[in-house]
Engineer: 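Input: one structure, supplied below.
Every chain is numbered from 1, with letters handed out A, B, ... down the list of sequences.
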Amino acid sequence: MNSDEISGIVFDCDYIVEGNKPLVRVFVKDAKTKQNIVLHDSSFCPYFYVVPYLYLTDEQAFLLKKKIELFEHDDISGTLKVKSVKEEEKTMGLQKRRVFRVECFIPKEVPLLKAHLEKEEEIEGFREYDILFYKRYLIDRNIELFRQMHFKVHHEKKTGRFFVDSIKADKNSPLVDFSLFRWLAFDLETIEESGKTKIIFASIVDSSGCKTVITCYRNGYEHAVVVEDEKSIIEKMGEIIKKQNPDFILTYNGDNFDFNVLEDRAKTFGIKLQWSSIGENFTYFSKGARKKAQCFGLVHIDIYKFVFSIMRGTIKSETLKLNNIAKELLGDEKKDVSYSDISHAWRTKTNLSKIADYCVHDSVLTLKLGEHIFANLSSLSNLVCQLPFDTCRASYGTLVEAFAIRKAHEKNIIVPNKPSNEEMVKRKQKGMFKGAFVYSPKVGLKKNIALFDFRSLYPSIIITHNIDIDTINCKCCLKTAKKKNKVPDYDFYFCQKQKGFIPSILEEIIFLRVKIKKIIKETRDTKMLKKLDAQQYALKIVANAFYGYMGFAGSRFYDYRAAVSTTSFGRHYIHKVIEEAKEEGFRVVYGDTDSVFLSLPKKNMKKINKFLDHINNSLPGIMDLEYEGFFTKGLFAQKKHGEGGAKKRYALVDENGNIIIKGFEKVRRDWSVLARQTQEKVLELLLSDKTEEAKNYVRDVIDKLKTKKVPIEELVINTNLKKSISSYEQMAPHVMAVKKAIARGMKFKGGQNIAYVVTAKGKSISDKAQLAEFANDYDSQYYINNQIIPVVSRIFEAVGVQELSLTDNSKQKNIFEY
DNA sequence: TATAGGCATACGAACATTATCTA
DNA sequence: TAGATAATGTTCGTATGCCT
């Protein structure tokens with residue numbers, strides 16, 4: 001046996017079972033040779049923890065340990081035995097506890113063994129039994145994903161395998177580049193034929209420059225590979241992919257669409273999706289509604305999933321369709337082809353090269369998006385110690401949980417269990433808890449606004465006040481903390497002696513982020529900057545998700561009191577800033593959660609800095625108020641119903657004249673393009689004192705609507721169908737439009753975007769609503785009264801143009817309708 | 001098996017009130 | 001003028017998507 005050292009980057013991992021032994025497989029890329037190697041590790045076995053009751057004597061504990069060691073159970077599938085039991089001391093809720101680490105032979109025995117041991121009376125509970133084996137491996141072996149790792153290995157001649165002897169991570173090496181890997185994106189075009197979805201085009205584009213479209217029809221497209229039939233398309237795909245030998249397969253919604261079709265068609269034709277160079281097959285599995293297509297050593301990244309769960313909050317496009325996302329993130333021009341175009345082209349065998357071109361374009365966009373998100377995906381993957389396959393499919397909750405589990409292992413802490421279903425129901429029944437404070441704005445146009453906000457308000461509070469499940473109302477500082485660290489609106493206080501687990505790991509994140517931000521300031525290399533920025537961003541989103549995670553019913557670290565304490569301190573601090581600002585003679589214009597808008601007679605940096613210092617000198621811990629910037633104008637509109645200004649909707653003009661719009665219909669995707677554009681234009685004109693022009697602009701729009709000169713595309717309203725059509729209580733316009741489309745034979749799923757138009761035919765608005773593709777006229781009165789007037793009238797009112805909404809016999813009429 | 005809550009707004013549904021029509 | 005019916009107004013709940 002030769003001993004050897006292999007250095008490389010880990011980007012995939014799984015396990016196989018051989019002779020009743022688990023064998024972890026680690027997929028590693030050698031950064032120098034760019035060769036991939038599969039490393040095997042036979043040294044790791046599955047385990048979970050048994051927590052014996054605290055009151056057990058040493059002898060009783062010893063007997064329990066023996067009992068577990070000797071456990072044996074026979075059934076048809078064989079004998080269930082324990083591999084070994086080790087006594088360990090672990091931290092549970094700030095307490096040191098004696099636990100038994102119960103090791104099993106193979107991973108699937110973990111839940112079986114736990115179930116058998118549940119009846120033992122000496123056992124208080126079980127921990128960490130639901131952490132997947134390969135995830136456990138990544139954590140326990142301190143694998144640094146996308147960073148250089150060093151493996152001592154030996155080669156086994158008989159099998160040709162490399163076995164891992166020891167692992168060392170190079171924590172200071174930078175995260176690797178996109179260009180280190182080979183990437184391949186594919187896309188399918190399909191048609192529905194006799195109730196089946198059939199593949200007619202498959203495009204493949206990869207990072208080495210390969211650009212192919214496979215079809216069984218001669219279409220004249222330059223990159224086309226023409227084959228016999230649908231079966232051959234799938235086979236040819238496999239052939240090309242195998243030859244190109246990528247490390248990553250990129251799709252846009254491949255989990256739910258492309259692989260779904262592929263799996264079905266491949267099964268029909270009796271083909272295996274064996275695309276990997278090491279002979280592994282793709283497996284397609286579903287857990288509830290969630291579907292995944294996976295292949296060891298050929299990592300499938302579904303970009304749509306990442307966009308949907310992680311990036312959605314930052315996306316502005318109406319829908320998350322590939323074209324929209326590519327346009328927003330890459331600035332790529334749209335090539336829109338609808339399903340009916342495709343099926344028409346296919347039936348008539350005309351324009352097929354256009355469809356082929358479109359198919360390739362989709363793969364090109366997917367590949368480009370893959371490059372675009374790589375820095376973020378790899379940073380997150382590294383931070384939370386999860387495979388890129390899992391990271392791109394993770395929700396915020398999963399990310400926080402994974403990060404916490406990793407840190408807990410580092411600190412010799414056992415994490416709490418996931419809640420049972422009943423427990424989750426109980427938590428949800430507690431109802432919503434009190435959240436942030438929002439200052440009601442005064443209506444009107446304000447000048448010279450200085451904007452302040454707290455840096456990472458909730459993480460700062462959790463760290464500063466040591467908010468954690470284990471630090472609430474501790475006995476050790478009953479006298480002191482009750483006075484010094486009491487929650488403003490509640491009777492809780494938090495320990496001041498021992499740092500809680502969550503505050504301590506949050507603190508690490510915050511400090512690391514500060515450190516990276518400092519390095520960013522000194523870095524010139526753009527490639528490096530992008531990586532560092534992605535790293536600080538990953539830290540930011542994980543830190544910000546912690547508070548929400550503590551209040552999430554499905555969380556391992558759920559605590560109602562911790563969550564309400566966090567928001568309570570938040571309200572306390574923002575009120576403090578508002579009060580002090582008033583005392584200093586500032587006029588408070590607005591504020592939301594962690595921000596305060598103050599208006600000044602004129603820009604005065606001396607005053608601003610003095611106020612900032614004054615506040616920060618009195619803030620405890622790492623609480624920090626920051627000066628965000630100065631705005632020459634700010635517009636706050638009247639609420640439609642009730643008194644006062646509308647919260648969470650305003651427009652600001654910065655010193656360079658840029659307009660920032662928050663909350664108004666302009667930024668809402670469930671309003672027509674016409675309404676959004678009109679509102680934006682009106683805001684723009686009014687904020688530059690062009691009142692008459694603004695009025696004329698609106699008059700012009702109304703006129704165009706009356707004379708039907710507005711193209712119907714601008715009147716399409718996008719709304720998300722959030723659930724299945726049958727579960728709607730209320731027949732809203734988009735729901736009715738869908739119902740009518742279903743009557744025509746179309747199918748809809750929850751989560752789909754619905755584009756509809758309010759047509760002229762019908763009684764109520766819902767009656768008039770039709771899917772955009774079926775609408776060929778529109779109701780001008782609806783668009784005037786329900787789309788244009790509402791979005792501009794209160795903005796005009798805010799700048800003092802009152803005579804707008806003259807009501808006449810309760811039918812809305814106004815100066816625009818001369 | 002959506003990290004949290006706060007907020008504005010639209011529209012439907014159900015009901016209350018008023019206007020209009022009829023006998 | 002009582003009673004029926006349509007039109008209009010009010011209130012409430014559902015639904016969506018934003019803000020921090």
Engineer: Return the value, rounded to whole Å, for the distance between atom CD1 of A/Ile502 and atom C1' of B/dT3.
Structural biologist: 12 Å

Engineer: Counting only side-chain nitrogens and oxygens, does A/Thr719 get under 4.0 Å of the OP1 or OP2 atom of C/dG17?
Structural biologist: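 So the side-chain polar atoms of A/Thr719 never come under 4.0 Å of the phosphate oxygens OP1 or OP2 of C/dG17.
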
Engineer: Please work out if A/Ser766 contacts a base, only the sugar-phosphate, or nothing of the nucleic acid, heavy-atom cut-off 4.0 Å.
Structural biologist: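 Here A/Ser766 touches the backbone only, sparing every base.
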
Engineer: Counting only side-chain nitrogens and oxygens, does A/Arg649 get under 4.0 Å of the OP1 or OP2 atom of B/dT9?
Structural biologist: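 A/Arg649 to B/dT9 OP1/OP2: side-chain N or O found under 4.0 Å.
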
Engineer: Starting at CZ of A/Arg427 and ending at P of B/dA4, how long is that distance when rounded to a whole Å?
Structural biologist: 12 Å

Engineer: Can you identify which nucleotide, out of C/dT20, B/dA4, B/dA13, has its nearest atom closest to the A/Lys662 side chain?
Structural biologist: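 Of the candidates, C/dT20 comes closest.
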
Engineer: Which part of the nucleic acid, if any, lies within reach of A/Val400 when heavy atoms closer than 4.0 Å are counted: base, sugar-phosphate only, or nothing?
Structural biologist: nothing

Engineer: So does A/Tyr439 get a side-chain nitrogen or oxygen closer than 4.0 Å to the phosphate oxygens (OP1/OP2) of C/dC19?
Structural biologist: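 No.
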
Engineer: Nearest of C/dG17, C/dT14, B/dG12 to any side-chain atom of A/Ser764?
Structural biologist: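 For the A/Ser764 side chain, the nearest candidate turns out to be B/dG12.
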
Engineer: Within 45° of the ring axis of A/Tyr650 and under 6.0 Å from its six-membered ring centre, is that where the NZ or CZ of A/Lys662 lies?
Structural biologist: no

Engineer: Please state whether the phosphate of C/dA15, meaning OP1 or OP2, lies under 4.0 angstrom from any side-chain nitrogen or oxygen of A/Lys723.
Structural biologist: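 It does, given that an N or O in the side chain of A/Lys723 lies less than 4.0 Å from OP1 or OP2 of C/dA15.
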
Engineer: Could you check whether A/Asp453 gets within reach of a base, just the sugar-phosphate, or nothing at all, counting any heavy atom under 4.0 Å?
Structural biologist: nothing

Engineer: Does a nitrogen or oxygen in the side chain of A/Asn786 sit under 4.0 Å from OP1 or OP2 of B/dC11?
Structural biologist: yes

Engineer: For A/Arg290, does the CZ atom sit with more than 12 other heavy atoms under 6.0 Å from it, leaving out its own atoms?
Structural biologist: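 No, the 6.0 Å shell around CZ holds no more than 12 heavy atoms from other groups.
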
Engineer: I would like to know whether A/Arg393 and A/Asp255 meet salt bridge (charged side-chain N to carboxylate O under 4.0 Å, His left out); could you show each step before the answer?
Structural biologist: CA-CA 10 Å; A/Arg393 290 166 179 80; A/Asp255 274 350; 2.7 Å; yes

Engineer: Give A/Tyr558 one of three labels, base, sugar-phosphate or nothing, depending on what nucleic acid heavy atoms sit under 4.0 Å from its own.
Structural biologist: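 The answer is nothing, as A/Tyr558 stays clear of every strand by at least 4.0 Å.
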
Engineer: A/Phe611 vs A/Phe452 aromatic rings, parallel, tilted or perpendicular, using cut-offs 30° and 60°?
Structural biologist: perpendicular

Engineer: Which stems does DNA chain C form, counting runs of 3 or more consecutive Watson-Crick or G-U wobble pairs with both distances under 3.5 Å?
Structural biologist: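 Correct response: B:4-23 with C:1-20.
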
Engineer: With A/Thr319, which residues qualify under side chain to side chain donor-acceptor pair (under 3.5 Å), at least two apart?
Structural biologist: A/Asn324

Engineer: A/Leu457 has an atom CG; how far is it from atom C1' of B/dA4, in whole Å?
Structural biologist: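 Atom CG in A/Leu457 sits about 13 Å away from atom C1' in B/dA4.
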
Engineer: Roughly, in whole Å, what's the span from CG in A/Asp130 to C1' in B/dT1?
Structural biologist: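 In whole Å, B/dT1 C1' and A/Asp130 CG are 13 Å from each other.
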
Engineer: Given B/dT3, B/dA8, C/dA15, which nucleotide is nearest the side-chain atoms of A/Gln730?
Structural biologist: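 Nearest listed nucleotide: C/dA15.
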
Engineer: What residues from residues 303-319 of chain A pass a heavy-atom cutoff of under 4.0 Å to DNA chain B?
Structural biologist: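 Hits under 4.0 Å, by residue number: none.
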
Engineer: Look at atom NZ of A/Lys426 and say whether more than 12 heavy atoms of other residues, nucleotides or ligands are closer to it than 6.0 Å.
Structural biologist: no

Engineer: Mark yes or no: A/Lys430 above the aromatic ring of A/Tyr560, with NZ or CZ under 6.0 Å from the six-membered ring centre and no more than 45 degrees from the axis.
Structural biologist: yes

Engineer: Give me each pair satisfying side chain to side chain donor-acceptor pair (under 3.5 Å) with a member in residues 535-546 of chain A, each pair once, sequence neighbours excluded.
Structural biologist: A/Arg513-A/Gln536, A/Asp533-A/Gln536

Engineer: Could you check how far CZ of A/Arg668 sits from P of B/dT9, rounded to whole Å?
Structural biologist: 10 Å

Engineer: Quick check on B/dA8: is either OP1 or OP2 less than 4.0 Å from any side-chain nitrogen or oxygen of A/Tyr650?
Structural biologist: no

Engineer: So, A/Thr391 versus A/Gln386: side-chain donor-acceptor pair below 3.5 Å or not?
Structural biologist: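 No - no donor-acceptor pair under 3.5 Å links their side chains.
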
Engineer: On DNA chain B, check which nucleotide each of A/Lys428 and A/Ala732 is closest to and give me the residue with the more 5' one.
Structural biologist: A/Lys428

Engineer: Write down the distance between NE2 (A/His734) and P (C/dG17), rounded to a whole number of angstrom.
Structural biologist: 7 Å

Engineer: Work out how far the C1' atom of C/dC18 is from that of B/dA2, and round it to whole angstrom.
Structural biologist: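 After rounding to an integer number of Å, I get 16 Å for this pair.
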
Engineer: Using a cut-off of strictly less than 4.0 Å, decide whether A/His641 has a side-chain nitrogen or oxygen near OP1 or OP2 of B/dA8.
Structural biologist: no

Engineer: Hey, does the side-chain of A/Arg669 have a donor or acceptor N/O within less than 3.5 Å of a partner on the base of C/dG17?
Structural biologist: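 Result: no qualifying N/O pair found.
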
Engineer: Sequence neighbours excluded, which residues qualify as side chain to side chain donor-acceptor pair (under 3.5 Å) partners of A/Lys648?
Structural biologist: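 A/Lys648 satisfies side chain to side chain donor-acceptor pair (under 3.5 Å) with A/Asp592 only.
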
Engineer: Taking atom types as modelled, is there a side-chain donor on A/Asn720 or A/Asn753 under 3.5 Å from an acceptor on the other?
Structural biologist: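 Absent: no donor and acceptor within the cut-off.
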
Engineer: Answer with yes or no whether A/Arg290 presents, from its side chain, a donor or acceptor under 3.5 Å of a partner atom in the base of B/dT1.
Structural biologist: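 No such pair is found, so the answer is no.
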
Engineer: Could you list all N or O pairs between the protein and nucleotides 5-7 of chain B that sit under 3.5 Å apart?
Structural biologist:
{"from": "B/dG5", "atom 1": "O3'", "to": "A/Phe433", "atom 2": "O", "distance (Å)": "3.1"}
{"from": "B/dG5", "atom 1": "O3'", "to": "A/Gly435", "atom 2": "N", "distance (Å)": "2.8"}
{"from": "B/dG6", "atom 1": "OP1", "to": "A/Gly435", "atom 2": "N", "distance (Å)": "2.8"}
{"from": "B/dC7", "atom 1": "OP1", "to": "A/Lys647", "atom 2": "NZ", "distance (Å)": "3.0"}

Engineer: CD1 of A/Ile765 versus P of C/dA15: gap in Å, rounded?
Structural biologist: 17 Å

Engineer: Evaluate A/Tyr558 against A/Phe552 for ring-ring contact (aromatic ring centres under 6.0 Å, His included), listing each step before the verdict.
Structural biologist: CA-CA 6 Å; A/Tyr558 174 88; A/Phe552 164 48; 8.6 Å; no

Engineer: Taking A/Arg556 first and then A/Asp130, would you say they form a salt bridge - that is, a charged N and a carboxylate O separated by under 4.0 Å?
Structural biologist: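 Here A/Arg556 pairs with A/Asp130 in a salt bridge, since their nearest N and O are under 4.0 Å apart.
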
Engineer: A/Asp670 vs A/Arg676, test: salt bridge (charged side-chain N to carboxylate O under 4.0 Å, His left out). Steps then yes/no.
Structural biologist: CA-CA 10 Å; A/Asp670 56 350; A/Arg676 298 168 66 180; over 6 Å; no

Engineer: When you get a sec, tell me which of B/dG12, C/dG17, C/dA15 is the closest nucleotide to the side chain of A/Pro733?
Structural biologist: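 Closest nucleotide to the A/Pro733 side chain: B/dG12.
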
Engineer: In whole angstrom, what separates A/Tyr458's OH from C/dC19's P?
Structural biologist: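 Computing the A/Tyr458:OH to C/dC19:P distance gives 17 Å.
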
Engineer: Reckon A/Arg794 has a side-chain N or O less than 4.0 Å from the OP1 or OP2 of B/dT9?
Structural biologist: yes

